[in-house]
Amino acid sequence: MLGCTLEKRQGTLTQLRAGSALIDVVPADEPGPAGGSSRSGGANLDHLCLRVDPFDAAAIARHLAAHGAACGAQASRYGAEGQGPSVYLTDPEGNGVELKGPVAA
């Protein structure tokens, strides 16, 4: 739904291509290849952010709705490249995802 393509499967590890980035996804109850976990046993990542260009919040919302998903309202947020538009949503397992547009001029 977000346009990520399946790059490779290795056992329970799924690798998704997002532009020039690669996202490794493992089941929540299994350790990943890096062996990371939080000290509390709870979630240790608030969200991941994917840069989207061109960015059209209304078109993104329509696309997600057509696939049975929803995102929050567009807001200007600070990120790796500076202040710019973004929307938040959650993936099917409840992980936070931010779709971020270009820095405001």
Side-chain angles (χ1 to χ4, degrees):
M1 170 172 41
L2 296 179
C4 298
T5 56
L6 176 64
E7 178 90 6
K8 189 174 184 181
R9 289 188 193 271
Q10 300 179 63
T12 60
L13 171 71
T14 300
Q15 294 181 307
L16 301 174
R17 174 70 55 190
S20 62
L22 199 59
I23 303 169
D24 290 354
V25 180
V26 296
D29 59 351
E30 296 181 23
S37 65
S38 70
R39 290 185 182 94
S40 68
N44 64 352
L45 175 71
D46 178 69
H47 71 280
L48 68 90
C49 182
L50 300 172
R51 177 69 158 74
V52 177
D53 194 10
F55 184 86
D56 180 337
I60 291 169
R62 285 191 303 273
H63 176 77
L64 293 172
H67 289 84
C71 63
Q74 175 185 322
S76 180
R77 297 181 176 93
Y78 187 79
E81 298 176 336
Q83 196 75 28
S86 77
V87 295
Y88 285 129
L89 61 137
T90 55
D91 75 7
E93 297 205 10
N95 300 299
V97 177
E98 179 181 9
L99 303 179
K100 185 92 165 76
V103 172

J.: Taking atom CD1 of I23 and atom CD of E7, what is their separation to the nearest 0.5 Å?
T.: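 Result: 11.5 Å between the selected atoms.
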J.: Name the one of K100, R77, Q74 that satisfies side chain to side chain donor-acceptor pair (under 3.5 Å) with S86?
T.: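 Running side chain to side chain donor-acceptor pair (under 3.5 Å) over K100, R77, Q74 with S86 returns exactly one hit, R77.
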J.: Using side-chain heavy atoms (C-beta onward) and a distance below 4.5 Å, is L89 in contact with L99?
T.: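 Yes. Closest side-chain heavy atoms under 4.5 Å.
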J.: Between CZ of R9 and CG of L16, what distance do you get to the nearest 0.5 Å?
T.: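 R9 CZ to L16 CG: 8.5 Å, rounded to 0.5 Å.
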J.: Is any NZ, NE, NH1 or NH2 atom of the basic residue among R51 and E81 found under 4.0 Å from an Asp or Glu carboxylate oxygen of the other?
T.: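 A salt bridge is present here (some side-chain N lies under 4.0 Å from a carboxylate O).
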J.: Between Q15 and D24, is any pair of side-chain heavy atoms under 4.5 Å apart?
T.: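 Q15 reaches D24 side chain to side chain.
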J.: Taking all non-hydrogen atoms of both residues, which atom of A18 and which atom of C4 are closest, and how far apart?
T.: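 The pair with the smallest heavy-atom distance is CB-SG, 3.9 Å.
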J.: Kindly compute the distance separating CD (Q83) from OH (Y78), expressed to the nearest 0.5 Å.
T.: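 Taking CD in Q83 and OH in Y78, the distance rounds to 8.5 Å.
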J.: Would you say V25 and D91 make side-chain contact, with heavy atoms under 4.5 Å?
T.: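 The answer is no; the side chains never approach within 4.5 Å.
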J.: Between L64 and L2, is any pair of side-chain heavy atoms under 4.5 Å apart?
T.: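 Of all side-chain heavy-atom pairs linking L2 with L64, at least one is under 4.5 Å.
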J.: Start with the C-alpha distance between L50 and E98, add both sets of side-chain angles, then the distance that settles side chain to side chain contact (heavy atoms under 4.5 Å, CB included), and finish with yes or no.
T.: CA-CA 6 Å; L50 300 172; E98 179 181 9; over 6 Å; no
J.: In terms of hydrophobic clustering (I, L, V, M, F, W, Y; side-chain heavy atoms under 4.5 Å; direct or indirect links), are V52 and L48 co-clustered?
T.: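 Yes; L48 is reachable from V52 via cluster members.
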J.: For the CZ atom of R62 and the CG atom of D56, what is their distance to the nearest 0.5 Å?
T.: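 It is 6.0 Å, given to the nearest 0.5 Å.
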J.: Flag yes if F55 and M1 sit in one hydrophobic cluster, no otherwise; membership is Ile, Leu, Val, Met, Phe, Trp, Tyr, and two members link when side-chain heavy atoms are under 4.5 Å apart.
T.: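 Yes; tracing contacts between hydrophobic side chains, which count when under 4.5 Å, links both residues.
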